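In this text, all values refer to a predicted model and were calculated from it rather than measured experimentally. Indexing begins at 1, ligand by ligand and atom by atom, following the structure's order.
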Amino acid sequence: MSNADLLFRSRQAVWHPCTQMKRHERLPLVPLARGEGVWLYDHDGNRYLDGISSWWVNLFGHGEPRIKAAIKAQLDTLEHAMLAGFTHRPVVELSERLAARTGLGHAFYASDGASATEIALKMSVHYWRNSGQPDKHRFVHLQGGYHGETAGALAVTDVPLFRAAYAPLLRDNLQAPSPDWRAAQPGETPEQVAERAAEGLARLLAEHAPRIAALILEPLVQGAAGMAMHHPSYLARVRALCDRHQVHLIADEIAVGFGRTGTFLACEQGSIRPDFVCLSKGITGGFLPLAAVLTTDAVYQAFYDDDAARGFLHSHSYSGNPLACAAALAVLDIFEQDDVLAANRERGARWHALFSPLASHPRVRHLRRTGMIWAFDVADAPAGFPGAFFQAALAKGVLLRPIGGTVYLMPPYTMRDDEARQLAQGALLALETALVDGAEEKDVVVA
Ligand SMILES: *Cc1c(COP(=O)(O)O)cnc(C)c1O
């Protein structure tokens, strides 16, 4: 199959996500033939260094042999069975091991992140209803928060471009200030910014708590907002406020879980246990769609009853799919076998030394890092900057997709140091090109 043939057929038959399809009249899709390690290859043998782990999911790059082998082994016994009325070893083991990792002993499964958000929101509201407080059904989210794009998840997402067209579908929630440390006033530390944001939240809860079911946030790094980072002290303040006001805390760890911020869960850095944790993205290392929502005994017990209507009557056809669970178990094995968190501490420090020189570019602001996430903002980025940067980086053999004027690096954990050096060089060259081309580029790449 040729590149050109695939491009044409894809434009005819495939509606690509998060894309104004008309842009592909001028800018070609990248037709992939295969992936190996941190590289994606097209049909002509060109290769691209996957600097963003393919939208943050391929933790160990492409084709990781242990995950592949686990899926193949599972394929020989049970590929799928409905999870209502049935169970199987992969889903039981995964639930036990995620419980040990999170301190939350009850796991509910779906197939993607947005569904995990929907589940956590619905469970919270239903918990309060079962507990005799049906008026607690509103949600608080943070300024700049992102939790997925189905109607319920979009309603707790603060990205105007994604929301505007669907405003009539979205219920009215409450928004708390972002603890993003870039909002620091002169002399203010990230911890003080976090404190100021927590005070804003405290006022909101003081006024509305009797009607609020839950607060949902992305701990430590608000990804889609442009890798907005905050001080871990914010998490402890939020936990205390939620306790005081009887509001659930939902930690959306879909992007930041599985070691991305340096700890297995980002919440660990605030020494807190949320009432719900949402996991997806890295959970299968990019092999199969899977999401899990984990929650407390207290929540679980509020549903446990002779009355069916008090149960959580929510389902997805592929809930707890054995192949996906086997992939997730292999990912957890890799965390243990390779001591991934410890290895990442050293890798992260070495890569930070390689990425830091980007800060000396005159247009670069706020070069920042949390664990294995790096980001910087481009001062006065022209309107077409993200699209122009994406194209320029591809031309250098590097896959990076800025969010507005923010460039971020979220590499597979398995990238070698010489590849990290290539990534930094590619980013710098793409930056120079995009500052010029971006002024002419009219199409917008949004994420
Ligand atoms: C990606 C993401 C989601 C949505 O996950 P999908 O699998 O794309 O539906 C939700 N929350 C956060 C923080 C995310 O990064």
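- Annotation for Ala183 and Arg196: closest pair O-NH2, 3.2 Å, computed over non-hydrogen atoms.
- Taking the six-membered ring where tryptophan is involved, the planes of Phe385 and Phe389 are tilted, since the angle between them lies from 30° to 60°.
- For atom 6 (P) of ligand 1, the nearest non-hydrogen atom from the set Ala251, Gly148, Pro289, Gly113 comes from Gly113.
- With a 4.0 Å heavy-atom cut-off, ligand 1 is reached by the side chain of Lys281 but not by its N, CA, C or O.
- Within ligand 1, counting atoms from 1 as listed, the ones closer than 4.0 Å to a heavy atom of Ile254 are 2 (C), 3 (C), 10 (C), 11 (N), 12 (C), 14 (C).
- Of the heavy atoms in Glu218, only side-chain atoms (C-beta onward) come closer than 4.0 Å to ligand 1.
- There is no protein heavy atom closer than 4.0 angstrom to atom 8 (O) of ligand 1.
- Centroid-to-centroid, the aromatic rings of Tyr318 and His80 come within less than 6.0 Å.
- By the 30° and 60° cut-offs, the orientation of the rings of Trp374 relative to Trp351 is tilted.
- Taking every non-hydrogen atom of Asp252 and a distance limit under 4.0 Å, the qualifying atoms of ligand 1 come out as 10 (C), 11 (N), 12 (C), 13 (C).
- Using a 30° and 60° split on the angle between ring planes, Phe335 and Phe258 fall in the perpendicular class, above 60°.
- Taking a cut-off of under 4.0 Å to the non-hydrogen atoms of Trp56, the atoms of ligand 1 that pass are 15 (O).
- Remark: ligand 1 atoms within the under-4.0 Å shell around heavy atoms of Ala114 are 4 (C), 5 (O), 6 (P), 9 (O).
- A donor atom on one side chain and an acceptor atom on the other are not found under 3.5 Å apart for Thr406 and His366.
- Listed by number with element, the atoms of ligand 1 under 4.0 Å from a non-hydrogen atom of Ala255 are 15 (O).
- Atom-to-atom distance recorded for Thr117:OG1 and Lys122:NZ is 13.0 Å, nearest 0.5 angstrom.
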